[in-house]
Amino acid sequence: MKRFTKLALLAAVFAVFTGMCAGAALAKDTLIVANIYDAKTLDPIATNEVATSGMCLHVYDNLLSLGADGAPVPQLAEKYEIIDNLTYKFNLRKGVKFHNGEEMKAADVKYTFERAKSPAGASIRQYVDDINTVEVIDDYTVVFKMKRPFTPFLMALTHTCGSILNKKAVEAAGDNYGMNPVGTGPFKFKSWAKGDRITLERNEEYWGKKPAFKTLVMRAIPEATNRTIELESGAIDIAYQITTNDLKRVQENPKLALMRVVDNSTTYMGLNCSKAPFDNPKVRKAVSLALDTVGIQKAVWRGVGKAPVAPIAPNILYAIKDAKPHVQDVEAAKKLLAEAGVKLPLNVQIWTNERKERIDMATIIQSQLEEVGIKAEIKVLEWGAYLDGLKQKTHDMFILGWVASVPDPEFAVSGVFHSSMVGSTNFSYFVNPDVDKMMEQGKALPNGPEREKLYKDLQEKIDSLTPWVYLHNDEQICGTQKNIKGFQPSPRGYHVLTNVSFE
Amino acid sequence: MEVWHRMKRSPMAVIGLVLIIVLFVMALFANVIAPFTYSKQNLVHAFESPSSKYIFGTDEFGRDIFSRIVYGARISLQVGFIAVGISMFIGGFLGALAGYYGGKIDNVIMRIMDVLLSIPSILLAIAIAASLGPGLFNLMIAVGISAIPNYARIVRGSVLSIRGQEFVEAAKAVGSSDLRIIFKHIIPNCTAPIIVQATLGVATAILTAAGLSFIGLGIQPPIPEWGAMLSSGRSYIRDYPYMTLFPGLAIMITILALNFVGDGLRDALDPKLKR
Amino acid sequence: MGFFCAPAFFEEGWKRMLKYIFRRILSLIPVLIGVTFIVFSLLYLTPGDPARMVLGDQATEEAVTDFRIKEGLDDPFIVQFARYVYKAAFKGDIGRSYVTKRPVSDEILSAFPSTIKLAAFSVIIAICLGIPFGIISAIKQYSLFDSITMFFALVGLSMPVFWLGLLLILLFSVRLGWFPSSGFDTFSAMVLPSVALSAQVIAIVTRMTRSSMLEVIRSDYIRTARAKGQTEGKVIWRHALGNALIPIVTIVGLQFGHLLGGAILTESIFSIPGVGRLMVEAIKMRDYPLVQGGVLYVAVAFSVVNLLVDLLYAFVDPRIKAQYR
């Protein structure tokens, strides 16, 4: 027995050493990144989620990509022309090769977007629905015609759904395409240990600037503590989604660097505008005034993110950034409730799903609302049941998040405030014809001062009607080894790794 | 009682019994024993280490962990006993039916039990909990249902061994209804193995419930269920390990005590181990 | 259970055994249908729309409706159930994951190796520690060694595996840095999760070994061997252990099967891409085909392990072997 234990111990120590040495040897030419989840597929239109987008970003290129300042810049399209408010012309780069050797031509672009509009693209339909036709003028020229003016089009092209596919490769792989992606991007797909890691290899024939390292490994480590531990031990180079609890630890570690940027998500408490007493804007305003949202955000998130001042997240085009922070005013809240004739104590429910921070925020909100005579009961629902329940219109208040995956203001507001979206994504059942009209106008106006003013007015109007109490804009926080250069997290929630180099 | 005397001989069983009694006392008199309520928040005092004021420290809301653990005893015992109660009555009844009537009924019931057993109990509990929705009561049902086959088997076994015996024939001859025979004669004879199973079953139920809460199957806040406390303390484990230490210890000591008692009962009731 | 039948039929050798195996496999079918029915019902009754979960909260209502139609989610329960059973039984098609669009079989088979590795390692650790300790405890019954071992066994049995896992991570990953806390690729990554998971199994095996040995030691068979003048060592090793092993084998097999069901909690703490974690994710995302397929696979795996244990039992039991010869 003793002998065996000794042997086992020796074996373990040996294994650890070998592991460490092997790791050290690989490090310089391999970038190991840890994300919270594994990608679901490498078919860019099969889902609309961040881990998948993060991988597709490196395997594929788009016609336009998101530039450093948040505006679309040419990628596979050398230049583009807005011919009129319904027509866009793109001149494609010549000689760009897919990973299977085929050259990228206009036919591939046409195929990509027709596929996106087909049932296979159900998750991203909303971004491409307004595209009417894609015409191939010649091998390197494409013309898009919209059904109606759709200003967010160029921004939508930078989204994962606009990843240019190779018609031959997709048709050949059929249903298994998700595991056998072929793009024009800086990395080629190598292998995928499902649920564990994806390995990509540098595309030696890449048309643009080639990555400085040969292999990219994206690991999935759902436990935040584990991600940080792996980062500290040097087993990974970059860790995404560093949580509040580990923030200080990474910051104070001399071997690590912390990078952060406010992202495009808004966490809010919505009020059911179709149910009394929240059908009265005064009551909604009262709820908003009763809460110290800045204090709540600080207590729950402890230094991560910020309390929003407007419905559109700050890094999205035309977001209001300079408004004054929300001020709690319990007396004014009580007055408004009295004016609205609300009988106190008012019994309501706050619904939320199991996310710890949301439960924490609800808990503090509950105790603050008591001060104005509102007795809130917290109901924690499992995610699927939660979404189902919100469709029943019986809720009072609920905590939810909204992300504009395409960072255009249209996608930040219409899903949650347009009357046509009630019961599907507009769970505050907010219906206001003026707001509807403004959103429809905003969608069609070309970018410029007029559009900017419209969205600023829109945000102020929504604010005055208070369907939401804004709780939190999240941050993308990433930890890296000190020797990592060229990495900058993006508000989109997935980050470009192509420009990373080791010092 | 002879069983009691035999149990007293084993020191571990006695310790276990004492611990269980302590647990019951904690649960019944929680509002007297605990210095604070389990939901009072005190954000200023969040994350305080164990001290004379906060014996086990405070959590992220400044709530006293010791108080939450004391109140948590109530929850754990409720979950354990009600879940076992559900398994025992439904499982026992089905097992009795199967054993007594035999034949087709036996076949069908045991087949269903086989099916339930083929699904890993925690997976079954998760699926049931997801289906019923969050809440303490649903948790008890989920845990209870997943343990039914154990009791069905035990009761069936006991029933089979007693079925042919004379007093049953006699009861039948006198004209007692089947149901009466089952309840009056057969089930009392199975009590020994059932009690042992139940004691250990309460332990398993508490553990399963803690596991489900750990995964996040909706205990409504601010209910201080020990597994849920472990789960929420998990994110702070590197900075404030005491937040997971104490709920974990509470679970472990409870289960340990129940296992001591269960073992003691089993040894005491086992005719073969007569010394 | 199978082994009650073993003595009776082994008299006629291999043919009977094959018939037995065939009968067991056949009896698996109603069990699988039952399992499918239960899981189907649970999913049907669970609130939450798979379409909405899969397509994401920004998708249009139209896309959601189209999805439901395509997957037949609005059909009556019986229709959906019959369709599933028909496809599974006659076409071997258990569908594609709603989320990844990959065939369910592929998804599960990619996850199984990790779970099997974890279960196997835990069982091996349990056998290596549990059996020796159990034997010594039995031989030295009522000694200090025995009491301490039994105490620790009970402690191991009572420790919540998720707590033990967290403590191990805290001590060995964070404080000492000896082993990684996640992943499952290198040998060192497997140590902590296997140890955490094995605690309960070690406890069970130790206790079982001890009680089984005790029963055998006190039996007539052993008394006869002692009376015949065999040395104590031989008595223990040759005669006692062989007999005692039978229920131990059964228990080990059952535990292994159990662990295959997905050591869900261990997998989530250590970020191991096994079946358990896959199932929990699938339930959360309402990925119906994956949940159904997963449970089927696990049920089959569990039944196969049970069958193997029963067969092994029949082989190991010398009483049965004697009849067979």
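Here is how names work: the chains are called A, B, and so on, in the same order as the sequence lines, proteins then strands, and each is numbered from 1.
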Point to revise | Between B:I206, B:L258, B:L230, B:L207, the one whose heavy-atom pairs under 4.5 Å with chain C are most numerous | key: B:L230
Review point. Is chain B contacted by the side chain of C:L45, its backbone, both, or neither, given a heavy-atom distance below 4.5 Å?
Key: both
Point to revise | Interface moiety of B:L245 toward chain C, non-hydrogen atoms closer than 4.5 Å | key: both
Practice item. Heavy-atom distances under 4.5 Å only: say whether C:V39 touches chain B with side chain, backbone, both or neither. Key: side chain
Check your understanding: If you check every heavy atom in residues 249-256 of chain B against those of chain C, which residues fall under 4.5 Å?
Key -> B:L249, B:I251, B:M252, B:I255, B:L256
Check your understanding: Any side-chain heavy atom of B:D263 sitting closer than 4.5 Å to one from C:R207?
Key -> yes
Exercise for review: Examine whether an atom of B:A210 lies under 4.5 Å from a heavy atom of chain C, and if so say whether it belongs to the side chain, the backbone or both; otherwise answer neither.
Suggested key: both
Check your understanding: Using non-hydrogen atoms and a limit below 4.5 Å, what part of residues 141-151 of chain B faces chain C?
Key -> none
Exercise for review: Would you mind checking which part of C:L166 comes under 4.5 Å of any heavy atom in chain B, side chain (CB onward), backbone (N, CA, C, O), both or neither?
Suggested key: both
Review point. Is atom CZ of B:F137 surrounded by more than 12 heavy atoms (other residues, nucleotides or ligands) closer than 6.0 Å?
Key: no
**Study point:** Contact leader toward chain C among B:L123, B:D114, B:I128, where contacts are heavy-atom pairs under 4.5 Å
**Key:** B:L123
Exercise for review: Between chain C and each of B:I112, B:V115, B:T204, count heavy-atom pairs under 4.5 Å; write down the option with the most.
Suggested key: B:V115
Point to revise | Nearest heavy atoms of B:S131 and C:L42, plus distance in Å | key: OG-O, 3.5 Å
**Study point:** Separation between OG of C:S173 and CZ of B:R238, rounded to the nearest 0.5 Å
**Key:** 9.5 Å
Check your understanding: Which heavy atom of C:I38 sits nearest a heavy atom of B:L116, and at what distance?
Key -> CD1-CD2, 3.9 Å
**Study point:** Closest approach of C:F302 to B:L117 (non-hydrogen atoms, all atoms of both residues)
**Key:** CE2-O, 3.5 Å
Practice item. Flag yes if more than 12 heavy atoms outside C:F37 fall under 6.0 Å of its CZ atom; otherwise flag no. Key: no
Review point. Has C:F81 got more than 12 heavy atoms of other residues, nucleotides or ligands less than 6.0 Å from its CZ?
Key: yes
**Study point:** Partner chain B: residue of C:S268, C:A301, C:P160, C:A299 with the largest heavy-atom pair count (under 4.5 Å)
**Key:** C:P160
Exercise for review: Test B:I119 against C:V298 for side chain to side chain contact (heavy atoms under 4.5 Å, CB included), laying out the working first.
Suggested key: CA-CA 7 Å; B:I119 307 178; C:V298 170; over 6 Å; no
Exercise for review: Could you pull out the closest heavy-atom pair between C:L265 and B:G211, with the gap in Å?
Suggested key: CD2-O, 3.7 Å
Check your understanding: Can you list the steps and then say if C:S147 with B:M12 is a side chain to side chain contact (heavy atoms under 4.5 Å, CB included)?
Key -> CA-CA 10 Å; C:S147 307; B:M12 294 210 286; over 6 Å; no
Point to revise | Backbone N/O of B:T244 and side chain of C:W163: donor-acceptor pair under 3.5 Å | key: yes
Check your understanding: Does the side chain of B:I237 come within less than 4.5 Å of C:I169's, by heavy atoms?
Key -> no
**Study point:** salt bridge (Lys or Arg N to Asp or Glu O under 4.0 Å) pairs, two or more places apart, involving residues 281-294 of chain C
**Key:** A:E382-C:R286
**Study point:** Under 4.5 Å from any heavy atom of chain B - which part of C:V161
**Key:** neither
Check your understanding: B:R68: what forms a side chain to side chain donor-acceptor pair (under 3.5 Å) with it, not counting sequence neighbours?
Key -> none
